[in-house]
There are 2 protein chains.
Amino acid sequence: MSDEKLQEAIHTLKDSGVRITPQRHAVLEFLLNSMTHPTADEIYKALENKFPNMSVATVYNNLRVFKEIGLVRELTYGDSSSRFDCNTTDHYHVICESCGKIVDFHYPSLNEVESLAEKVTEFDVSHHRMEIYGTCSHCQASMAH
Amino acid sequence: MSDEKLQEAIHTLKDSGVRITPQRHAVLEFLLNSMTHPTADEIYKALENKFPNMSVATVYNNLRVFKEIGLVRELTYGDSSSRFDCNTTDHYHVICESCGKIVDFHYPSLNEVESLAEKVTEFDVSHHRMEIYGTCSHCQASMAH
DNA sequence: TACACTAATTATAAAGATTATTATTTAATA
DNA sequence: TATTAAATAATAATCTTTATAATTAGTGTA
């Protein structure tokens, strides 16, 4: 299923002259299969069984490469570390302020906002980001106690 | 003009039992008068003439206090450090990807998005954030060369 | 105005995330 | 298989933010 995406991503990388190393492959595979939006450290920890000698720098290096190629997006929220999202289709995120869970949320892209901003500010607008904050149902239940 | 806002803010602080120290006053005044959205370090550097002995921790402490009282908002973008905004009225930001300039942008709040997200994800939504990215007119002109 | 109480400040260390450096290893290609 | 440039590992360094502890200083009260 997501194996197809993986092959496609590897193809994209090779086309850009990027070598496919076992570590790189593993980071990419983990990202594609993860539905959460992991931090660099989470990726590092998830792969340390498979690659006991892997360096954190390798994770960061690969994430940078993937970003440059356009395979992943970096998400920066209020908390300390960045998160990485391999779903590059247009979607927004809903974030739980209590547990940090991030849920994808599909909504028609706010083109109107972009065009108005362009008019008002004279910026050449390239994109926008939006996040919605709240409490997930699980945490709501916990709080009820 | 903004002196009125300052007095009001000081009143709010006092009501919450927060002491008005010279450093705290200076950080608050600087924030209220700044139209940019400064980082903690920028505030620190701006005030080091007036307070040569002030500690960075003091800046952070005060920003935390102001945040808790609701006088300022913390903005976290892609770059390394947080920015602080004393304009707590509802508005969005347009950010220049070339020079980092941040411009306020007024747009009716996207309540519809919030309510749909609430329905779809079963979150108890509290708020949202949105930023628009692009190139400011100044940087557009520079690039034309 | 002086006093006492407690919060705020300073200085410093520490933590945590990310980037830089350099020697070593290795994937891809001929 | 040999070559070569790119990737990795190990480590140090940087940068932002928070924690700690001792000192200083607001603010209400007598």
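Protein chains get the first letters and strands the later ones, always in sequence-line order, with residue 1 at the start of each. Nothing here was measured: the structure is a model prediction, and the numbers come from that model.
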Of A/Thr58 and B/Pro22, the one whose closest DNA chain D nucleotide lies more 5': A/Thr58
Does B/Arg64 put a side-chain nitrogen or oxygen below 4.0 Å from OP1 or OP2 of D/dT18? no
Can you tell me how far C1' of C/dA27 sits from CG of A/Asn62, to the nearest Å? 14 Å
Please work out if A/Asp41 contacts a base, only the sugar-phosphate, or nothing of the nucleic acid, heavy-atom cut-off 4.0 Å. nothing
Between the base of D/dA6 and the side chain of A/Arg19, is one N or O donor paired with an acceptor at under 3.5 angstrom? yes
Classify the side-chain pair A/Thr135/A/Gln140 by whether it contains a donor and acceptor separated by less than 3.5 Å. no
Picking from D/dA19, C/dA17, C/dA20, the nucleotide nearest the side-chain atoms of A/Ser80 would be C/dA17
Rounded to whole angstroms, how far apart are CD1 on B/Ile20 and C1' on D/dA25? 14 Å
Using a strict cut-off of less than 4.0 Å between a Lys/Arg side-chain nitrogen and an Asp/Glu carboxylate oxygen, indicate whether B/Glu131 and B/Arg129 qualify as a salt bridge. yes
Distance check: side-chain N/O of B/Tyr60 vs OP1/OP2 of D/dT18, anything under 4.0 Å? no
Rounded to the nearest Å, what distance is computed from the CD atom of residue B/Glu48 to the C1' atom of nucleotide C/dT10? 15 Å
Rounded to the nearest Å, what distance is computed from the NZ atom of residue A/Lys14 to the P atom of nucleotide C/dA28? 6 Å
Describe, in one word, how the ring planes of A/His93 and A/Tyr77 are oriented to each other, choosing from parallel (under 30°), tilted (30 to 60°) and perpendicular (over 60°). perpendicular
Has the side chain of A/Thr21 got a donor or acceptor that lies under 3.5 Å from a partner of the other kind on the base of C/dA27? no
Atom-pair distance (CZ on B/Arg24; P on C/dT10), nearest Å: 11 Å
Would you kindly give the CD-to-P distance between A/Gln23 and D/dA10, to the nearest whole Å? 11 Å
Which whole-number value in Å describes the distance from A/His25 NE2 to D/dT8 P? 13 Å
For B/Ser81 and D/dT17, is the shortest distance between a side-chain N/O and OP1 or OP2 below 4.0 Å? no
So does A/Asn61 get a side-chain nitrogen or oxygen closer than 4.0 Å to the phosphate oxygens (OP1/OP2) of C/dT19? no
Taking atom P of C/dT19 as reference, at what distance in whole Å does atom NZ of A/Lys67 sit? 7 Å
Would you check if B/Val120 and A/Tyr107 make a side-chain contact, meaning some heavy-atom pair closer than 4.5 Å? no
Using a cut-off of strictly less than 4.0 Å, decide whether B/Ser82 has a side-chain nitrogen or oxygen near OP1 or OP2 of D/dT16. no
For the side chain of B/His106 and the backbone of B/Asp104, is there at least one donor-acceptor N/O pair under 3.5 Å apart? no
